[in-house]
Amino acid sequence: MRCLPIIALLLGMFSAGAHAHDWWIHAHPVHPAPGSEVRLAIGGGHSFPESEELLAARLLAQTVLTGPDTEVPLDFAADNKQHVAAYTLQRKGVYRADFHVQRPGDEAPLIAGRALVVAGAADDPAAYAANDGLEIVPLKPVSDWRAGGEVPLEVRSDGEVVASMIRLERATGRPVRMRSAPGRPAVFRHWQAGPSLFITEYRGQTATLTVWTEE
Amino acid sequence: MRYIHVLVLLLWGTSDALVFGHAAMGRIEEGAVGVRFFYEGGAPMRSAEVAVRAPAADEERIIEGLTDRNGCFAFVPDQVGEWRVEANDGMGHRVQLRIEVDAAGVPVATASTAHGHHIAPWVVAIAVLFGLFGIWALWIRRPPTTTEAERR
């Protein structure tokens with residue numbers, strides 16, 4: 001009888017771990033010097049950062065790199081279980097690599113994925129958001145994220161801060177969930193180096209943000 | 001004059017036939033098999049890629065298309081046997097229906113296999129049952145309140 005609550009808890013944890021496939025975009029390196037090439041890869045599955053599924057090309061939309069005075073469409077090509085592209089960053093500053101997962105005929109994307117790249121150590125949190133659609137926005141310069149520190153983020157819908165749960169997936173360990181609300185950002189503590197994927201869902205849409213913290 | 005009228009009408013009719021020789025027509029076809037694909041929870045699998053394989057076609061796709069906004073797709077089988085209809089949403093979810101069509105062209109049985117992350121209903125049912133038992137077990141083992149202790 002004593003083990004019943006434990007079994008119930010374990011089953012509850014098993015159910016909570018089951019969710020739809022995550023879709024993300026990786027950028028590497030994330031802190032390049034101006035003039036160097038950044039490789040981008042769109043992947044998905046349940047084992048971040050390892051891509052298990054190739055997103056159907058017909059669903060891939062709005063693949064854009066936005067940087068200082070720059071907005072270029074990215075041409076992705078399928079490569080095994082991911083779509084890959086490369087781009088040479090000419091200027092220093094913050095670049096947003098975005099993609100949408102959108103069904104033909106739909107007005108809005110199902111998923112909006114983003115990776116942040118800071119070229120030439122010219123970080124600027126004001127450039128993290130496009131204030132269009134659903135976004136996860138870091139409130140602290142990503143180049144200042146350090147292992148053991150704290151990472152605050154909020155969720156915005158068309159530029160307005162909204163209440164939503166943010167799930168953090170890492171290469172190892174269980175997902176961490178933190179609630180974000182207007183005036184009360186989600187703060188992830190005891191930060192670890194390596195790739196991180198943040199996911200949020202709001203009004204039927206999903207937004208993901210990939211950040212790579214270096215050692 | 002009468003012959004000229006006849007000739008003009010004849011020429012007119014010939015050119016008409018030439019112009020409309022490839023006219024497209026449509027009608028309601030009986031014997032169509034309609035299928036619907038959906039996710040757990042009932043949401044339609046919209047704009048999913050559908051491939052239909054005929055009984056004798058091995059792996060060759062003889063029909064390809066997309067589901068509509070309700071997750072529906074239809075085709076007209078022209079052979080007796082097991083037809084395989086596979087839907088792929090392009091985001092990691094695939095489902096295959098095996099449809100047995102009889103001599104009258106009527107689907108008589110279906111079976112489905114799914115690929116993708118999902119929880120079986122029996123797992124959910126067991127989880128709910130264990131959850132209720134867990135709450136009940138915690139409730140009966142709770143420490144007595146002051147009032148209850150005094151009453152004893």
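No experiment lies behind these values; they were computed from the predicted model shown. Residue numbering restarts at 1 for every chain, and letters A, B, ... go by the order of the sequence lines. For the numbers below, each heavy atom of this structure counts, side chains included, while hydrogens, waters and symmetry mates do not.
B:Phe38 CZ: 12 or fewer foreign heavy atoms inside a 6.0 Å radius. The number of heavy-atom neighbours closer than 6.0 Å to NZ of A:Lys140, taken from other residues, nucleotides and ligands shown, is above 12. Within 6.0 Å of atom CZ in A:Arg58, more than 12 heavy atoms from other residues, nucleotides or ligands are found, so the atom counts as buried in its surroundings.
At a heavy-atom cut-off of under 4.5 Å, chain A is reached by B:Leu66, B:Asn88, B:Asp89 from residues 66-89 of chain B, listed in order of number.
The contact between A:Leu55 and chain B is made by backbone and side chain atoms together, counting heavy-atom distances below 4.5 Å. Contact of A:Leu110 with chain B is made through the side chain alone, with heavy-atom distances under 4.5 Å.
Rounding to the nearest 0.5 Å gives a distance of 6.0 Å between CG of A:Asp106 and OG of B:Ser47.
The backbone N or O of B:Arg46 sits less than 3.5 Å from a side-chain atom of A:Arg103, completing a donor-acceptor pair.
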